[in-house]
Amino acid sequence: MMDLKLSGKTALVLGASRGLGLASAIELGREGANVMIASSNGGHHAHALAQLREAGVTNAHAITVDVRRPDDASHALADTVAQFGSLDILVNNAGGPPFGSFDTFDDAAWQEAFELSFLSIARFTRLALPHLRRSGEGRVINIVSFSVRHAMQGSILSTSMRLGVVGLAKLLSREANGNGITVNNVAPGLILTDRIRESSLKQKLADGRSEQQGLAELAAEVPLRRLGRPEELGALVAFLASPRASYINGATIQVDGGLGTGIL
Ligand SMILES: NC(=O)c1ccc[n+]([C@@H]2O[C@H](COP(=O)([O-])OP(=O)(O)OC[C@H]3O[C@@H](n4cnc5c(N)ncnc54)[C@H](OP(=O)(O)O)[C@@H]3O)[C@@H](O)[C@H]2O)c1
């Protein structure tokens, strides 16, 4: 059995009331980390904490955080350290920008995408760094999208911001300066969450497919012939967060069943 040695570590997982964020929090917690989950709608937290408990994670708390708001970022970090005494792992995540073609997005849409999917990550990471340096084994893990290596139609807002995050992570990973911090990105493909239900699947339903047909058609696009399960991404997040992944730095790793067609 591989012991990820996360006991005593503390993780702040953003966008974690459901979907990939919650799955990451569950895997981190199951491996022994203290987990602070954060999301913008506090009404979702009781259910999320219940799912964590069901999975055997008891060392979890929740805070209401809109990742776009600077004050929320400072409070989230302060509350996490006040609750658990340290911060070792930051998982940057939130819902993504809307899908559509270039000419449907005005300046306001670009600004919103920038604040949600890029600026929030730059800000949280900057504010977390002093804590991560103290950790000695600090981790920054950004959840981006397989579209950073695969031209996905309609994802222009998302892809533009995610490529900025990949650039940020790569440059930041080179500033680690021997303090043990690693910075990596995890790139999901088609992993069945509310976001996929509300985007790719919704499009199939609008085209007249039943839910079952829509899901089957999406699965057929994936070389493994199935959609991903959130815990399959959470497992990679937990591994990257662990001391076992201490020499993986500046990487972008896909969890997409082979969906992305990019060779690199
Ligand atoms: N699922 C996939 O296969 C897939 C593929 C490619 C990329 N991605 C990207 O991966 C990320 C996670 O995807 P997902 O499928 O888990 O999405 P999801 O099911 O829509 O979940 C999004 C999570 O983020 C929280 N959130 C939304 N806006 C927020 C904000 N402003 N501040 C803080 N939390 C916020 C939501 O909780 P509240 O409503 O409580 O705030 C929720 O917990 C997204 O960026 C998505 O674009 C996912």
Side-chain angles (χ1 to χ4, degrees), residues 12-27 35-49 51-52 62-73 75-76 90-99 111-121 123-124 141-166 185-202 215 218-219 221-222 224 226-234 236-237 252-260:
L12 170 60
V13 187
L14 305 171
S17 65
R18 59 178 187 270
L20 304 182
L22 178 58
S24 300
I26 288 174
E27 296 300 324
V35 179
M36 183 65 91
I37 61 166
S39 83
S40 66
N41 186 337
H44 295 155
H45 291 169
H47 186 56
L49 288 171
Q51 288 180 262
L52 279 151
I63 38 174
T64 304
V65 170
D66 185 331
V67 296
R68 296 168 297 187
R69 295 170 58 105
D71 286 355
D72 284 16
H75 290 147
L90 172 66
V91 180
N92 282 310
N93 176 54
F99 292 97
Q111 185 66 32
E112 279 172 33
F114 171 69
E115 290 181 15
L116 179 68
S117 300
F118 181 82
L119 182 57
S120 67
I121 293 178
R123 180 188 299 122
F124 262 97
I141 300 165
N142 306 314
I143 298 184
V144 289
S145 168
F146 82 114
S147 70
V148 297
R149 294 212 180 99
H150 171 101
M152 180 191 175
Q153 199 173 357
S155 74
I156 195 159
L157 283 181
S158 168
T159 300
S160 301
M161 299 306 142
R162 314 291 192 189
L163 282 165
V165 173
V166 171
N185 306 303
V186 172
L190 278 171
I191 300 185
L192 191 55
T193 64
D194 288 352
R195 170 128 173 117
I196 296 301
R197 290 187 183 282
E198 287 155 17
S199 54
S200 312
L201 182 59
K202 199 168 178 183
L215 288 171
L218 290 174
E221 293 173 26
V222 184
L224 288 183
R226 65 175 177 83
L227 301 187
R229 296 185 295 273
E231 62 269 25
E232 293 180 303
L233 181 132
L236 176 62
V237 170
T252 299
I253 304 177
Q254 280 152 254
V255 183
D256 68 357
L259 175 64

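Both ligands and their constituent atoms are indexed starting at 1 by order of listing.
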Gap separating the CG atom of Leu12 from the CG atom of Leu14, nearest 0.5 angstrom: 4.5 Å
Point-to-point distance, once rounded to the nearest 0.5 Å, from CZ of Phe118 to CG of Asn142: 10.0 Å
Donor-acceptor contact below 3.5 Å, side chain Arg195 vs main chain Gly96: yes
Those residues that, when tested against Phe124, pass ring-ring contact (aromatic ring centres under 6.0 Å, His included) (two or more places apart): none
Pocket residues of ligand 1, ordered first by chain and then by residue number (heavy-atom cut-off under 4.0 Å): Gly15, Ala16, Ser17, Arg18, Gly19, Leu20, Ser39, Ser40, Asn41, His44, Val65, Asp66, Val67, Arg68, Asn93, Ala94, Gly95, Gly96, Leu116, Ile143, Val144, Ser145, Arg162, Pro188, Gly189, Leu190, Ile191, Thr193, Asp194, Arg195, Ile196
Residues forming a salt bridge (Lys or Arg N to Asp or Glu O under 4.0 Å) with Arg197, sequence neighbours excluded: Glu211
Any residue meeting salt bridge (Lys or Arg N to Asp or Glu O under 4.0 Å) with Arg68, in chain and number order, not counting sequence neighbours: Asp66
